[in-house]
2 protein chains.
Amino acid sequence: MKKGQVTIKDIAKELNISCSTVSRALKDFPGISPSTKKAVTELANKYNYRPNSIALSLRNQRTNVIGVIIPETVHFFFSTVISGIEDEAMKEGYNVMICQSNENYEREADSIDALMSARVDGLLVSISRETSDLEHLKKVVSEGTPMVFFDRLVEGMNASSVIVDDYQGAYDAVEHLIEQGCRHIVHLSGPSNLIIGRKRKEGYISALEDYEIPINEDNIIECRNGTEQEAERAMTQLLASGKKIDGVFASNDMAALGALKAVKKANIRIPEEVAIVGFSNWQFSSLIHPTLSSVAQPGYEMGREAAKLIFQEINESSNGKSIIRILDTELIVRESSDRKTVKAAMP
Amino acid sequence: MKKGQVTIKDIAKELNISCSTVSRALKDFPGISPSTKKAVTELANKYNYRPNSIALSLRNQRTNVIGVIIPETVHFFFSTVISGIEDEAMKEGYNVMICQSNENYEREADSIDALMSARVDGLLVSISRETSDLEHLKKVVSEGTPMVFFDRLVEGMNASSVIVDDYQGAYDAVEHLIEQGCRHIVHLSGPSNLIIGRKRKEGYISALEDYEIPINEDNIIECRNGTEQEAERAMTQLLASGKKIDGVFASNDMAALGALKAVKKANIRIPEEVAIVGFSNWQFSSLIHPTLSSVAQPGYEMGREAAKLIFQEINESSNGKSIIRILDTELIVRESSDRKTVKAAMP
DNA sequence: CTGAAAGCGCTTACAG
DNA sequence: CTGAAAGCGCTTACAG
C-alpha cells in the first residue's frame, strides 16, 4: 500500500482511464458515462480521496487561505477576534494562517513575508506597538494582496479597517466619571504611535472640555507597554505626589487593574474617593475586587467583520474603495466607578 | 506593471535567460557566473521576489505548514498553548494553520479534512469534549500524516502526546485540602470521555484513599460543559442538601469559580468553612475575591513541546515510536484554600 | 556556465 | 463520452 494521500493519478491508473476523466467524474462534469462516474466515486470514497489544495492553489492562483497578523494570542480581546475570524472563515471555506508578532516589529515584517510567500489570498492585520515604519505593509498593497486592518489601524494607507469607536468609548467613560462627581481625572493613555491610543486620549480631552473641566497635562500619563506593573508604578507615584485625584480612566484593562491595585494599597476607597474605568472589558473585569467598570469592545464581531471585508475584497477584485467599519463600544458600569449604588448600600 | 508577485519566469524573461539559471542564481548554486548571479539577485531584490511556497510545496511534497485543531481559542490555557506552538513554529520556519472545533465533533472532523486537503506536514490536536468516535483521527495516521495530541489525548492510537500530569496535579490539590483539615471534599469532575477528566478524578480518589478518608460517590459531580453556571448550580444544590462539605476540588477553574460564587452566596466562609482549589490557573485566578488556589498547567511549554515533537516526527520520517511527554503541574496556593494565613491574620 | 525537459496534482480548452 | 496536452511556479538530473 502506497503511503500518503491518494491522487487522481492513482485512481486513474487503477481504473485504466485518464486523469482528465477522473477529474471530471469527481465533479459532476456533464458528459461522463454513469458507469465510469460510479467507478471513480466509489474508488475515491474507498481511498478517502481529498483534492490536493496545494495543486489547486497553484493552478487557480488562489489558495483559499487568509493570513492573520496579531500582536498576541494570549490576550482576551485578541483571542476573541481570532475566534470570530475562524468562524467566519470556516463558513466560507477558507483556512486561516496565524502569526503572532509578539508586539515586535521585526517579527511582524518576517511574518508578513512568510504569509506572502504562502500566497495567502488576503491579510488581516493588527500592527504591533513597535510598528511605525510601514514599508512592509505598503509592499503588500502594491503587490495587489487585499489587506484589512483590525483594532490597530494604520493611517495613510489605502486599506479597509474594522475598529471600534475609540473616541466615543473614551468619551462615554470619562463623561460617566464626571457624572459620578469626579473632577480630577487621570488618564493612563496607550502608546501614542497607536491610533487607538490617540483616539482614546482625544475622547478623554473632549469630555473634559465639554464639561468645562480644566485639562491638566500632568494627569495624562503614557503607558507604553500597557502592563499592570507599569500602571501601578505610575499611579503609586502620582498618589504619593499629594496631587488631588478622584478618578482614573485607563486606556486598557491591565492598566486599570494596576491603577486599582495602587489605589487599594494606598488605602484609598474605590469608588468613593477614586473611581476607575478601564477599556476592553476582559473576562476578568467582573471578577476582580472591586469589579471593574470598563468600555467593552466587541472582539468577536470585529473578527467576523474583518473576515467578511477581506472576503469581499478578494472576490470583488477590489473596486479600490477602502471601507472603515466602526463598531460601537458599550460602557459597562461596575463597582469600581458606581458611587450611587455604593451610597445606597451604606445609609 | 504586472499585478501580483514576481516569479522566476518574470525575472528570466527580463534578463533573457532560462528559469533554471535564475533558480540556481537565487540559491548560490556552484557553477553560476558572478555576473548573471549579480543581475538576478539585483532584479529579485528590486521586484521583491519571494519564492512561491505553493509551488515549492507541490514539488517537494511538503508544505512546511502544521495544522492545529483546538477546542476554543478564547480560553486562557489554549491561547497560551497556541502561543507556544506559534513561537516554536516560527523559529523552525513553519507556518501554522489553526482551526477551532468549538467543542463540536462535526466541526472537528471537517477541520481535519480541510487541513489534510491542505497537505499540512503534521497535525497538533486537542479533541473536543464531544469526540468519542475516532475514525477521523485514525484516517490521519493511516495516511501517514504525523499527529501529536496535546492536553486532551486519545487512548488506543499510535500517536505521541504532550500532557500534564493530571493525576499528580489532582492528587496534590486534594492532599493540600486534606492538610488544611478538609474531610468532606467535593469533586467537580470533567466529562468522563476526556482522559484528563478521568485522571483528575483518579488523583482525587487516590489522595482520599491514602489518607483513609471514605469516598462518597455523591460528592463526585460530573460537570459536562465545565461552565461557571453549571458548577454554581450543582454546588448550590449540594449546599442546600445540608450535607457536610468543607472542601471543593474542581477539575477546571471555571467550575471552581462557579463553586466559589455558590459558596459565597450561601454566606459560607472561604476558606475557613469551605476551601476551594481549581485546575488550570487562569490569569484571573489571582484576581478574583478571594483569590483562587489552582493547579497551574504550563500551557506555553506544552505548545512548544508539542511543536517540537511534531517537527521531530516530520523530519525523522517517524521511527514509529510514539512518545508521551508529561509536564509537571504546580499547585498555587492562594486565599481560597489557605487556612493558615487566614487564621494568623485574625488573632 | 547554461538550457531544455520532466514532474509535483490538478483542470480545461482542444481534439476525436 | 474520453484522452492528450498545456500550464500554474519551481527544481534538478541530464545534456551540452
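A note on names: the letters A, B, ... follow the listed sequences, proteins ahead of strands, and every chain is numbered from 1.
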Within a strict 4.5 Å, meaning less than it, do heavy atoms of the A:Ile85 and A:Ile66 side chains meet? yes
For atom [atom1], what is the distance between [N] and [M], given to the nearest Å?
N	M	atom1	value
C:dT11	C:dA15	P	22 Å
C:dC10	D:dC1	P	24 Å
C:dT2	D:dG9	P	24 Å
C:dT12	C:dG16	C1'	16 Å

Nearest-angstrom distance from the residue atom [atom1] of [X] to [atom2] of [N]:
X	N	atom1	atom2	answer
B:Lys37	C:dT2	NZ	P	11 Å
A:Tyr49	C:dT11	OH	C1'	10 Å
A:Arg50	C:dG9	CZ	P	15 Å
A:Gln61	C:dT12	CD	C1'	15 Å
A:Ile54	C:dC10	CD1	C1'	12 Å
A:Lys9	D:dA4	NZ	P	13 Å
A:Ile8	C:dC8	CD1	C1'	13 Å
B:Ile32	D:dT11	CD1	P	12 Å

Output field dot_bracket for DNA chain C (Watson-Crick or G-U, both distances under 3.5 Å, | for other-strand pairs) contains |||.||||||||.|||
Listed by chain and number, what are the salt bridge (Lys or Arg N to Asp or Glu O under 4.0 Å) partners of B:Glu155, not counting sequence neighbours? B:Arg198
Hey, does A:Ser57 reach any base, or is it just sugar-phosphate, or nothing, if we go heavy atoms under 4.0 Å?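 No contact at all - A:Ser57 keeps every heavy atom at 4.0 Å or more from the nucleic acid.
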Any base atoms under 4.0 Å from B:Phe29, or only sugar-phosphate, or nothing? Heavy atoms, all strands. nothing
Test side chain to side chain donor-acceptor pair (under 3.5 Å) applied to A:Tyr47 and A:Glu42, A:Glu14, A:Gln5, the passing residue: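 Of the listed options, the one satisfying the test is A:Glu14.
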Can you tell me which residue pairs pass the salt bridge (Lys or Arg N to Asp or Glu O under 4.0 Å) test with a partner in residues 45-57 of chain B, sequence neighbours excluded?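 As it turns out, the salt bridge (Lys or Arg N to Asp or Glu O under 4.0 Å) pairs with a partner in residues 45-57 of chain B, which skip direct neighbours, are A:Asp113-B:Arg50, A:Glu143-B:Arg50.
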Among residues at least two apart in sequence or on other chains, which ones pass side-chain contact (heavy atoms from CB on, under 4.5 Å) with B:Arg59?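 Once residues adjacent in sequence are excluded, B:Arg59 has no partner under the side-chain contact (heavy atoms from CB on, under 4.5 Å) criterion.
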Looking at A:Glu130 and A:Arg152, is any side-chain nitrogen of the basic one under 4.0 Å from a carboxylate oxygen of the acidic one?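 Here A:Arg152 does not pair with A:Glu130 in a salt bridge, since their nearest N and O are not under 4.0 Å apart.
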State plainly whether the residues B:Arg107 and A:Asp87 are in salt-bridge range, i.e. N to O under 4.0 Å.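 Yes, charged N to carboxylate O under 4.0 Å.
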Indicate whether any N or O donor in one side chain lies under 3.5 Å from an N or O acceptor in the other, for A:Ser83 and B:Glu72. no
Holding to side chain to side chain donor-acceptor pair (under 3.5 Å), I want the full list of residues that pass it with A:Ser111, two or more places apart in sequence or in another chain.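 With neighbours one apart ignored, the set is empty.
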Hey, which of these two, B:Arg59 or B:Ser33, hits DNA chain C nearer its 5' end, going by closest nucleotide? B:Ser33
Nucleic acid contacts - residues 14-27 of chain B versus DNA chain D, non-hydrogen atoms under 4.0 Å: B:Ser20, B:Ser23, B:Arg24, B:Lys27
Distance in Å, A:Ile127 CD1 paired with A:Leu153 CG, rounded so as to fall on 0.5 Å steps: 8.0 Å
Which of the following nucleotides, D:dT2, D:dT11, D:dG9, is nearest to the side chain of B:Ala55?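 In terms of side-chain proximity for B:Ala55, the closest of D:dT2, D:dT11, D:dG9 is D:dG9.
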Check whether any side-chain nitrogen or oxygen of A:Thr36 sits under 4.0 Å from OP1 or OP2 of D:dC1, and answer yes or no. no
